[in-house]
Amino acid sequence: MMKMGETMAQLGSSLAGIMFVWATMKQFFPDFLQDYIMRWTSKLIKRFKPQMEIRFWEKNLGRWKVNPAYTAIESYLGSKSTDHARRLKGDTVGKTEKLTLVFSLDESEEMVDFFEGIQMKWYAGKLVSHKNTISYYPGSDDRRYFLLTFHCKHKKLTTTRYLNHVIEAGKEIQARRKQQKLFTNTASSEWRNGRKDMWSNVCFDHPATFENLAMEPKKKEEIINDLMTFTKSKEYYLKIGKAWKRGYLLYGPPGTGKSTMIAAIANLLHYDIYDLELTTIKNNSDLRQLLIQTGSKSIIVVEDIDCSLDITAQRNKAKKDEKEKKTSKKKKKKDDDDLDSDEEDDDDSVEQDSKVTLSGLLNFIDGIWSPCGGERLIIFTTNHIEKLDPALIRTGRMDKHIEMSYCGFEAFKVLAKNYLNLDSHDLFDQINKLLGEVNVTPADVAENLMPKNIREDPTLRLEVLMEALKKAKEDPASKAEGAETKDPNDKADFWFWNHSIG
């Protein structure tokens, strides 16, 4: 024990001496001499420690977006981890009916990879935050990274051929494992305090396709052609100097299949969906940060845009007129003071709510930040297109307007095939005539066609539909507006569907 104590004392004295010499050198030696000494010291250290290190952070400081090199390395190392590592993390990818088990390096685990006979050592690390704060969400400020260590004489090979090989192989693995996901944004107050990520997600497993979508075949073909042209137009968009994105506005009465259309588009293109809830976003800056965190090959969806925020010119004008009308009725100063107090209360309540403006939303769609990500669709839905500000839906922002109308005979035939497996029937002619006389949504038609038990005769369901159409024809309100009920099997809200099957 005495020898160990003496050794530590000598080491401490040596370090103190080195620090004293270094301080003296910095004070009295000229800069060029310090540089000369440092270069030779560095060479001396390399002789005893010839390894080099490259660190790949999951997120670099000052950047909001995940480092794509990090995710590619994670996929590459995961594919080799079962052979070269002892502690792994397991996860599943793929559709619900066909899940695949995948592995990745656990934290603080290392593994060795070989490239052209040369050893490359990887380490999965995490820089733990030491902020003096108490949080119910530990680890939110921690930073993960991969550390690559190799001999310095292989520097050129490692930084060119090997790392290029790792990144490309990782991207190929990611493409093979790609699982469509449905994202929703977390409230600004949650992620701005580091409590949660900006986006949370579930696997997207919606069954909607253009084949089972209740719509006229010609209209379907037009939409599909437009979508496929977009996906193959990267070079064209680059040539004309436009961001590689396209906007779609889906409008029509409730129950006409707007959400189902979005799901069918996502399944056709194999895109992720980002379901953006504007009311939970504090301001325009937060909206931009959310945009940056979205990936390419994705669809950004704002459903019921006319109800999401009070951003339309018509509504603002109506509110202004209403306030002016109220003010003109107040003649006494006391009443005016009360009105001012009420307005201040209103301002306080707005302070707590979203401050996303029409200008911020327009910049989100086609402003200077919009190219971030690339290959992206932006889809708005509304039941009342007349309420939307023209600046929001003009060409260049919402490039294609798609009316989701009431159910016609062609759409009915798709539903009859989907729900009853019927291509034709004696009652089809009568139903065709009734559909031309009454406004009814595809959701209502689907609800009437759906068998209520497994042995029910398809003819009975057609007769039930005919009775419903006749009743709607006799009721003027139903004829003008159509039923407001929604069929969960047609509308199939994204989150309802994904959670119901999970």
Side-chain angles (χ1 to χ4, degrees), residues 4 45-61 63 65-131 135 137-179 181 194 196-197 200-203 295 502:
M4 178 63 72
I45 292 173
K46 286 181 180 179
R47 286 187 175 274
F48 294 96
K49 187 183 178 183
Q51 285 78 24
M52 285 189 64
E53 295 179 348
I54 302 178
R55 196 182 305 262
F56 298 88
W57 293 99
E58 180 182 23
K59 291 182 181 179
N60 292 315
L61 289 175
R63 296 185 182 180
K65 203 170 183 63
V66 174
N67 183 2
Y70 178 91
T71 58
I73 292 170
E74 184 177 38
S75 298
Y76 173 80
L77 297 180
S79 68
K80 294 177 172 289
S81 59
T82 53
D83 296 328
H84 302 286
R86 302 187 65 177
R87 287 189 297 111
L88 310 174
K89 294 186 294 185
D91 199 359
T92 55
V93 298
K95 295 286 186 179
T96 304
E97 66 275 7
K98 191 178 180 181
L99 293 175
T100 302
L101 192 62
V102 297
F103 300 96
S104 59
L105 278 183
D106 199 1
E107 290 178 359
S108 303
E109 178 67 358
E110 63 180 24
M111 63 168 278
V112 175
D113 187 27
F114 290 91
F115 181 75
E116 298 183 5
I118 299 170
Q119 177 178 288
M120 306 289 181
K121 184 180 290 186
W122 287 95
Y123 173 77
K126 182 171 71 172
L127 184 63
V128 179
S129 173
H130 295 289
K131 290 183 178 180
S135 174
Y137 304 91
S140 58
D141 294 319
D142 298 343
R143 299 178 65 207
R144 298 192 300 164
Y145 63 88
F146 286 114
L147 181 66
L148 171 62
T149 305
F150 56 94
H151 198 286
C152 60
K153 68 181 180 181
H154 303 305
K155 176 181 178 181
K156 185 175 181 180
L157 178 143
T158 303
T159 55
T160 54
R161 298 208 304 272
Y162 176 65
L163 285 177
N164 287 339
H165 162 73
V166 170
I167 300 299
E168 292 304 317
K171 288 180 178 179
E172 290 178 6
I173 294 169
Q174 287 176 319
R176 291 199 303 268
R177 292 177 178 174
K178 180 173 173 56
Q179 164 69 57
K181 292 183 178 180
K196 296 182 180 179
D197 292 333
S200 57
N201 69 82
V202 297
C203 293

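To the nearest 0.5 angstrom, H151 atom NE2 is 12.5 Å from K121 atom NZ. Put simply, NZ on K80 and OG on S104 are 15.5 Å apart, with the number rounded to the nearest 0.5 Å. Distance check: M52 CE to F150 CZ gives 4.5 Å after rounding to the nearest 0.5 Å. Note: I173 CD1 to K178 NZ = 15.5 Å, rounded to the nearest 0.5 Å. Interatomic distance, L127 CG to Y145 OH, rounded to the nearest 0.5 Å: 7.0 Å. Taken from CG in L148 to CZ in F56, the straight-line distance is 6.0 Å, to the nearest 0.5 Å.
For the pair F103 and K89, the minimum side-chain heavy-atom distance is 4.5 Å or more. You'll find the side chain of V112 stays beyond 4.5 Å of the side chain of M120, heavy atoms only. Put simply, the side chain of E109 reaches to within 4.5 Å of the side chain of R86, judged on heavy atoms. Annotation: side chain of I73 is in contact with side chain of W122 (closest heavy-atom distance under 4.5 Å). Side chains of E116 and L157 form a contact here, defined as non-hydrogen atoms less than 4.5 Å apart. Annotation: side chain of N67 is not in contact with side chain of E58 (no heavy-atom distance under 4.5 Å). Counting heavy atoms from C-beta outward, L105 and M111 have side chains that approach closer than 4.5 Å.
Ring-plane geometry between Y162 and Y76 is classed as perpendicular, the angle between the planes exceeding 60 degrees on a 0 to 90 degree scale with a lower cut at 30.
At a threshold of 4.0 Å, the pair E107-R144 does not count as salt-bridged, since none of the basic side-chain nitrogens sits closer than that to a carboxylate oxygen.
Across every non-hydrogen atom of D106 and A124, the tightest pair is O-CB, 3.6 Å.
Side-chain atoms of R177 never come within 3.5 Å of backbone atoms of E172 as a donor-acceptor pair (strictly under, hydrogens ignored). Under a 3.5 Å cut-off, the side chain of E53 and the backbone N or O of L147 do not form any donor-acceptor pair.
Taking the six-membered ring where the residue is Trp, the centroids of Y123 and F146 are separated by 6.0 Å or more.
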*Could you walk me through whether T149 and I54 pass side-chain contact (heavy atoms from CB on, under 4.5 Å), step by step?*
CA-CA 7 Å; T149 305; I54 302 178; over 6 Å; no
